[in-house]
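Following: one structure in structure tokens, then a few remarks.
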Amino acid sequence: MNFKKVITFSFLTIASIMIIGCGKTEIVEVVKEVPVEVIKTEQVIVEKEVPVEVQTIKEVVVEKEVEVERVVTVEKIVTESVPQPVGYMMEAPENVTNTGGTLKTAFGVTMGHFDAHQGAGTHVLGHAYDGLHVKNIADGLRTFAPLLATEWDIAADGKSYTFTIRDGVKFHDGSDLTVEDVVTSFSRMALPQDGFVSPNASFYDVVTSIEKVGDNQVKFSLSEPRTWLLEVMSGTSHVVYSKAQIDANDNNLKGVEIATGTGPFKFNEHMPAEKWVFDKNENYWSPNTPYIDRLEMLHVPAWTDRGTAVLTGQADFSWNISMETHNEANTRNDVTSLKIPGFGAYNANFNNKKAPFDDARVRKAIFLTVSKQGLHAAFSRNEPMKLTGWMSYAAEGATSIEDLGKLPGYREDKTADIAEAKKLMAAAGHPDGFGPIDLVVSSVAPHSEILAPFFADELEKIGITSKIRVIERSQLGQNALAGEYDIQVTTAFGSPTQDPTPMWMQRLTCDGSQNQVHYCNPEFDKMVATLNVTSDPGDRADLFAKAKAFLDEENPLYTIGFTNHLPAWRNYVKGMAMEQRSHTHWGELTTVWLDR
């Protein structure tokens, strides 16, 4: 694919000059003024698990120029477990008037390996597979839709989940789906054996058994309730593989380029670092979906290039583009781009098992020194971030952005914070700093050319020098889990739900299955365990406040900021209900159709 146009457009809208010398990195941006659409977020707190209607308000303010302001999101949404009608199948929310054609997408599609249960990217591979259920595209992700499970029942005490498995489903190799396939697949994730590494294992920490019941049901037994488990299980990585193929590969599918699945699309072609191609599964169990014949997923790692690919018609859709191309899209009548809240963050991992980052005083000194507002401003042309702490700004228990901005470490004025940071460094035995440290970052240009250099410059304020090491983005997780870094700038702090507890369990507890920072504090583990069994809103608020204060002292990692994503699409791309979505959700292109 020719991306000369993409690169040219990027340089027309913004020129970034990297000036490197004397160990310092300075970022100078020359910005061309363009009409800007300002999108503000309105937060609505939903106290009960009920569907919430999104409202769009348009207002035109006339000053020296015309600025359009839209409120497009409702932030506090609970995905509801409500029974769907018998035989319900997820389809496009509007009347489909055309089928066939190829959807071309633009975002990063590289893979370190191919096993979804061991962390492979299901934003790509997931199209070949099905889980038991999924967040319903048709209503903006507010309820669940059945996939391989036609229905499910949760016991009154919340300690068992029973799923009825759909009959007549076939894998792409022609074999029949069985209950044993489901049991084996979820056992790999929830009850891993023989050294199998399951990133999702922490989410299933209270699952004691997964077993076949009767001819067509699977029962999950729990030692205690988990109110968020059903939502976690709807994620795109919780897919069902063939037991026969798992057994044939000794329980390791990392090297199987694409194991057989039951999903709406079948594997056609993979050109590493260029594209993936999937074709419609003509024998899919849902009679009406998918609507398109082919899915061509182009590897476009840079946000501006993604946006330009959509703007120029080289791609039809992207999950996330740059702010500059988002603004350009909203001056056009053939392309749409929205700003949608996300539950994922940019962060800097600290290697807590390696000196001097095993000292909480050093970690807190960095927390106090590095400017979140400065990082946000430097990165603003690429991806918008909010001032946030240990959870999304839309999460249960979140401190308001206004109140957060008054606290040490979060406030914009760093004078007092840096003075305190220097005292902490001296107390830790590093009055003159230390370094150079191994600062690892992905090869995605805005990460390696903006975020990492800015972070390195901030560290020099307390005498910490850095040597930036760039690796492929698909290798970041492996690098972190192996502990082969000092600080790693990444995007590894995200929650599958608006409740941050699952994220904390997976990322920050002693036995967390994705504890990339190698942090362990039994006191924090106890706080998380208590949250998981506490339902009273007042008690939960107190527990969240205590946990946030604790983390602000311990700082097992540095949160740069939780993001908004900027999806963009040609206006003939239908079936996504993007305007209704309460939050970002990569994957699930089953209901897309092309109105052309």
Discussion item. The criterion is side-chain hydrogen bond (donor to acceptor under 3.5 Å, both in side chains); which residues satisfy it with Ser202, sequence neighbours excluded?
Written reply: Ser513
Fill in: Asp511 CG to Cys520 SG distance, which is reported to the nearest 0.5 Å
7.0 Å
Tabulate below the donor-acceptor pairs under 3.5 Å that side-chain atoms of residues 585-593 make, not counting sequence neighbours, or state none.
unit_1: Trp586; atom_1: NE1; unit_2: His565; atom_2: ND1; d: 3.1
unit_1: Thr591; atom_1: OG1; unit_2: Gly575; atom_2: O; d: 2.6
unit_1: Trp593; atom_1: NE1; unit_2: Glu94; atom_2: OE2; d: 3.2

Worksheet item: Taking the six-membered ring for Trp, is the centroid-to-centroid distance between Phe455 and Tyr558 below 6.0 Å?
Response: yes
Fill in: Aromatic contact, Tyr346 with Phe493 (centres under 6.0 Å)
no
Fill in: Pair Trp504 + Phe524: ring centers closer than 6.0 Å
yes
Worksheet item: Are any non-hydrogen side-chain atoms of Ser322 and Asp305 less than 4.5 angstrom apart?
Response: no
Fill in: Residues Asn320 and Glu383: side-chain donor-acceptor under 3.5 angstrom
yes
Worksheet item: Among all residues two or more places apart in sequence or in another chain, which pass the side chain to side chain contact (heavy atoms under 4.5 Å, CB included) test with Glu151?
Response: Thr164
Discussion item. Using the ring centroid of each side chain, check whether Tyr519 and Phe350 are separated by less than 6.0 Å.
Written reply: no
Worksheet, complete the sentence: When every non-hydrogen atom of Leu141 is compared with those of Lys135, the smallest separation belongs to CD2-CB, 3.9 Å
Discussion item. Centre-to-centre under 6.0 Å for Trp152 and His133, is that the case here?
Written reply: yes
